[in-house]
Amino acid sequence: MPELPEVETIARGLTNHLLDKRIAAVDIRCSKIVNGDEETFRRLICGRKIEKIYRHGKYLFLLLSPEPAVSIHLRMSGQLYLSGYESIPDKHTHLDFYFQNYNKKLSYRDIRKFGRLEIIPKGDISGYIRRKKLGPDALEINRGSLSTALKSSKRSLKALLLDQSLLAGLGNIYVDEILFLAGFLPFSTGNKLTGRQIEKLFNAISEVLQQAIKNRGTTLSDFIDVHGKRGSNQFSLMVYGQAGKPCAKCRQPIIKTKVNGRGTHYCAFCQR
DNA sequence: CTGTTTACCTGGGGGC
DNA sequence: TGCCCCCAGGTAAACA
């Protein structure tokens, strides 16, 4: 499932290939994927040049010149990939962008159709981020803000780290990995962590995410980069999907349970 | 207001 | 083989 490292991998891939390309046409085959009227969507972006591509949390932003911006959220199973101009889309490929003087198209594919593309004015991106209640990006947050976020309530660490309004970008896989690396149990609460413990968590967040970006994301089933290639971070997972297998550190079996309704993996010996 | 549960989708896997 | 049921997960909306 695309979380921060997967969206970052896509943002970098798109930046490498689509910067300064001009959108020539958009083929929408499933209109619920785009927010609002399909015809308006087409009209507002056709003929516009891609000026900048970046992400905040799991949201991807394409800035067009002179206007507008497109926000894309892949949710559970969304994919963005480049393919030959004339390749035939399968039944889950809902939208294609064509470009001037470029022999590839950018396709949006989404088996579960949870993802969305939205048009917003460029000047309103910060407003959009506010309306979506997104906190600071998980790679940009500073220790003070993380501390405030974790002490904001007596919910579990799992719930706190998944809460996009506190810090944006973490999903189920990386939260489990971060809590393992930091050595904290997912159902323990954040409000009585010491400064030293918060620092441990802070470092684990950045370490786990940076490593996953280096590995070009985690591919358990769906994730692919803009070239259709799988990531390799699944081979570095310590707890997620490892239920019953021996912990890499202490050889005790990894436990899978539910915390806040989410599948949660941890080592009862290494995490306290 | 806060925190928890459910709906949205589809494919895959287990049980029989 | 095939059918039924449940599970996976990010977010928004509904709920307590």
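Note on naming: letters A, B, ... go to the chains in the order of the sequence lines (proteins, then strands), and numbering restarts at 1 for each one. The structure displayed is predicted, hence computed values, not measured ones.
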Between dC6(C) and dT6(B) - C1' atom distance, rounded Å: 16 Å

Flag, side chain of S77(A) to backbone of R112(A), donor-acceptor distance under 3.5 Å: yes

Whether H94(A) and H92(A) hold their rings parallel, tilted or perpendicular, with breakpoints at 30° and 60°: perpendicular

Distance, rounded to the nearest Å, where R75(A) contributes CZ and dT11(C) contributes P: 7 Å

Intermediate values then yes/no, side-chain contact (heavy atoms from CB on, under 4.5 Å), I213(A) and L139(A): CA-CA 11 Å; I213(A) 292 171; L139(A) 276 179; 3.7 Å; yes

H265(A) and Y240(A) aromatic ring geometry - parallel, tilted or perpendicular at 30°/60° bounds: tilted

Derivation of the side-chain contact (heavy atoms from CB on, under 4.5 Å) call for L117(A) and F97(A): CA-CA 12 Å; L117(A) 286 81; F97(A) 294 92; 3.8 Å; yes

Between dG10(C) (P) and D176(A) (CG): distance, integer Å: 10 Å

R196(A) atom CZ: more than 12 heavy-atom contacts under 6.0 Å: no

Terminal contacting nucleotides, 5' and 3', DNA chain B versus chain A (heavy atom, 4.0 Å): dG3(B) to dG11(B)

Spacing between D110(A) atom CG and dG10(C) atom C1', to the nearest angstrom: 11 Å

Within 45° cone of F180(A) ring axis and under 6.0 Å: K249(A) NZ or CZ: yes

Separation of the P atoms in dC1(B) and dT11(C), to the nearest angstrom: 22 Å

Residue pair I33(A), R116(A): steps toward the side-chain contact (heavy atoms from CB on, under 4.5 Å) verdict: CA-CA 5 Å; I33(A) 294 300; R116(A) 289 293 177 272; 4.2 Å; yes

Proximity to the side chain of K132(A) - top-ranked nucleotide from dG10(C), dA8(C), dA12(C): dA12(C)

Base-paired stems that DNA chain C participates in, counting runs of 3 or more Watson-Crick or G-U pairs under 3.5 Å: B:2-8 with C:10-16, B:10-16 with C:2-8

Nearest-Å distance for atom pair CG/C1', residues L170(A) and dG10(C): 13 Å

Sorted by number, the residues of residues 254-267 of chain A with heavy-atom contact under 4.0 Å to DNA chain C: K256(A), K258(A), R262(A), G263(A)

Side-chain donor-acceptor pair present, N101(A), K21(A), cut-off under 3.5 Å: no

N or O in side chain of Q164(A) less than 4.0 angstrom from dG10(C) OP1/OP2: no

Separation of atom CD1 in I72(A) from atom P in dG10(C), rounded to whole Å: 19 Å

Sidechain-backbone polar pair: T93(A) side chain, R109(A) backbone, donor-acceptor under 3.5 Å: no

I72(A) CD1 to Y59(A) OH distance, which is reported to the nearest 0.5 Å: 12.5 Å

Proximity to DNA chain C (any heavy atom under 4.0 Å), residues of residues 220-243 of chain A only: Y240(A)

Rounded distance in Å - CG (L162(A)) to P (dA12(C)): 14 Å

Short side-chain to backbone donor-acceptor contact, E6(A) and D225(A), under 3.5 Å: no

Inter-residue atom distance S221(A).OG - R230(A).CZ, 0.5 Å rounding: 8.0 Å

Salt bridge (charged side-chain N to carboxylate O under 4.0 Å, His left out) partners of R29(A), counting only residues at least two apart: D27(A), D96(A)

Strictly under 3.5 Å: I want the nitrogen or oxygen pairs between protein and nucleotides 13-16 of chain C, one per line.
none

C1'-based separation of dG10(C) from dG13(B) [nearest Å]: 23 Å

Spatial distance of atom NZ (K49(A)) from atom CG (L19(A)) [nearest 0.5 Å]: 9.5 Å

Touch class at under 4.0 angstrom, heavy-atom based, for S153(A) against every strand present: sugar-phosphate

For the student: nearest non-hydrogen atoms of R143(A) and I198(A), plus distance: O-CG2, 4.4 Å

Parallel, tilted or perpendicular: ring planes of Y98(A) versus Y85(A), cut at 30 and 60 degrees: perpendicular

